[in-house]
Amino acid sequence: MAKPDVLQLGPYPDWDQGPLEAAYRMHRLDLAADRAAFLREIGPRVRGIAARGTHKVDRALIEACPGLEIVAVYGVGYDGVDLEACRARGVRVTNTPDVLTDDVADLGVAMMLALARRLRAAEDWVRSGDWASKGGFPLTRRVSGARAGVLGLGRIGMAVARRLTGFGMDIAYCDLAPRDGVDLRYEADPVALAAQADFLFVTLAATAATQAIVGQEVLAALGPDGVLINISRASTVDESALLKALETQSIAGAALDVFAGEPRIAPRFMTLENVLLQPHHASGTVETRKAMGALMRANLEAHFTGAPLPTPVI
Ligand code: 8YV
């Protein structure tokens with residue numbers, strides 16, 4: 001039987017690319033010189049799309065592939081996929097939940113510590129010789145025992161909260177409703193959550209309802225001692241309100257793994273001292289990326305062999 005044609009929207013590590021090419025005829029849209037011409041030629045043959053969490057699988061792309069059966073996302077977030085258009089066409093969508101939860105939570109906590117304890121500036125202090133010439137590094141900020149807010153208590157929010165417990169933090173969370181069996185303080189309103197947080201973690205799924213949920217009001221409530229940590233999607237934060245809050249120091253700082261227009265992020269971030277900037281790599285460990293790739297490939301394989309999808313979205 002002929003290998004199914006799969007449209008690939010971005011690069012994967014060799015350990016995934018090899019097996020993908022062994023099982024499917026892969027077509028690299030990301031390497032096409034003329035995207036429209038490439039889609040006109042390949043689109044009619046495409047049965048699957050392999051995407052990364054940040055890719056757009058919009059209506060136009062779906063329409064360019066009239067025989068499309070499945071969109072397999074290498075990532076937990078599927079906000080880039082037009083689910084309505086997929087549903088209307090009976091196209092299945094899969095993601096890679098669970099396997100990345102621990103790494104994303106780990107990075108969120110690492111970012112909190114790195115920003116509060118000023119690891120980047122402190123290392124520069126050593127490397128530049130300031131330690132020898134000027135003496136001790138300026139004092140930083142304590143994390144243990146501080147107040148944390150977790151905005152969005154899904155898998156990743158829970159994993160963050162579990163870790164923060166180990167730091168003896170006073171933890172509250174906000175979600176659509178209190179979670180059964182969760183022994184953490186619940187706040188129905190993100191503004192109220194921010195008002196009682198020293199460190200506010202954004203661990204929301206990106207949906208229309210969470211769009212810019214961290215806006216001017218939440219940032220004002222977070223206040224001049226508050227720190228924002230975003231390991232979800234840039235769309236959950238009103239980035240221009242955030243930049244203004246950082247520039248005017250109406251919040252203490254932000255540790256960000258996600259940005260509007262990434263990887264070409266707003267230049268205003270680059271000159272700020274009170275930020276920690278990460279290149280959207282919370283899931284970026286060898287172990288987790290291997291598991292994500294294996295799960296994405298397992299979803300494709302299940303689909304093309306008629307087996308139940310391991311992790312369907314729709
Ligand atoms: C990945 C992600 O960085 O899981 C997600 O939703 O955004 C990340 O894990 C991404 O999918 C890989 O490009």
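When a ligand or atom number is given, it counts from 1 through the structure's own listing order. Just so you know, these numbers use all the heavy atoms, side chains as well, and skip hydrogens, waters and symmetry mates. These figures come from a predicted structure and were not determined experimentally.
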message = Is His281 close enough to touch ligand 1? Criterion: a residue heavy atom under 4.0 Å from a ligand atom.
response = no

ask   = Is there a donor-acceptor pair closer than 3.5 Å between any side-chain N or O of Thr236 and the backbone N or O of Ala206?
value = no

query = Are any of the side-chain heavy atoms of Met169 and Met112 separated by less than 4.5 Å?
reply = yes

remark   = Closest to atom 8 (C) of ligand 1 among protein heavy atoms sits Ser283 OG, 3.5 Å

task = Using a cut-off of 6.0 Å, state whether more than 12 heavy atoms not belonging to Leu31 lie near its atom CG.
result = yes

query = When only distance counts, is Arg289 in polar contact with ligand 1, meaning an N/O pair under 3.5 Å?
reply = yes

remark   = Quick note on ligand 1: atoms under 4.0 Å from a heavy atom of Met292 include exactly 9 (O)

inquiry  = Please give me the minimum heavy-atom distance between Val160 and Thr203, naming the atom from each residue.
reply    = CG2-CG2, 4.1 Å

task = For residues Thr96 and Thr311, determine if any side-chain heavy atom of one lies less than 4.5 Å from a side-chain heavy atom of the other.
result = no

inquiry  = Would Gly77 count as a polar contact of ligand 1, with the cut-off being nitrogen or oxygen pairs under 3.5 Å?
reply    = yes

Atom 13 (O) of ligand 1 [closest protein heavy-atom partner, distance rounded to 0.1 Å] = Arg52 NE, 2.8 Å

ask   = Taking non-hydrogen atoms only, is His55 closer than 4.0 angstrom to ligand 1 via side chain, backbone, both or neither?
value = neither

ask   = Among all protein non-hydrogen atoms, which one is nearest to atom 2 (C) of ligand 1, and what is the separation to 0.1 Å?
value = His280 NE2, 3.6 Å

task = Please work out whether any backbone atom (N, CA, C, O) or any side-chain heavy atom from C-beta onward of Arg233 is under 4.0 Å from ligand 1, and answer side chain, backbone, both or neither.
result = side chain

Heavy-atom nearest neighbour in the protein, as seen from atom 11 (O) of ligand 1, with distance rounded to 0.1 Å = Tyr74 O, 2.6 Å

ask   = Checking side-chain contact (heavy atoms from CB on, under 4.5 Å) against Asn274, which of Leu246, Leu115, Ile251 comes through?
value = Leu246

query = Where does Leu100 meet ligand 1, judged by heavy-atom distances below 4.0 Å: at the side chain, the backbone, both, or neither?
reply = side chain

inquiry  = Looking at Tyr24, I'd like to know if the NZ or CZ of Arg47 sits under 6.0 Å from its six-membered ring centre while staying within 45 degrees of the ring's axis.
reply    = no

ask   = Tell me: protein heavy atom nearest atom 5 (C) of ligand 1, and distance?
value = Val76 N, 3.4 Å

inquiry  = Is there a polar contact, in the sense of an N or O pair closer than 3.5 Å, between Gly53 and ligand 1?
reply    = yes

Residue that, paired with Gln8, satisfies side chain to side chain donor-acceptor pair (under 3.5 Å) out of Arg52, His55, Glu21, Gln17 = Gln17

ask   = Counting heavy atoms not belonging to Glu69, are there more than 12 under 6.0 Å from its CD?
value = yes

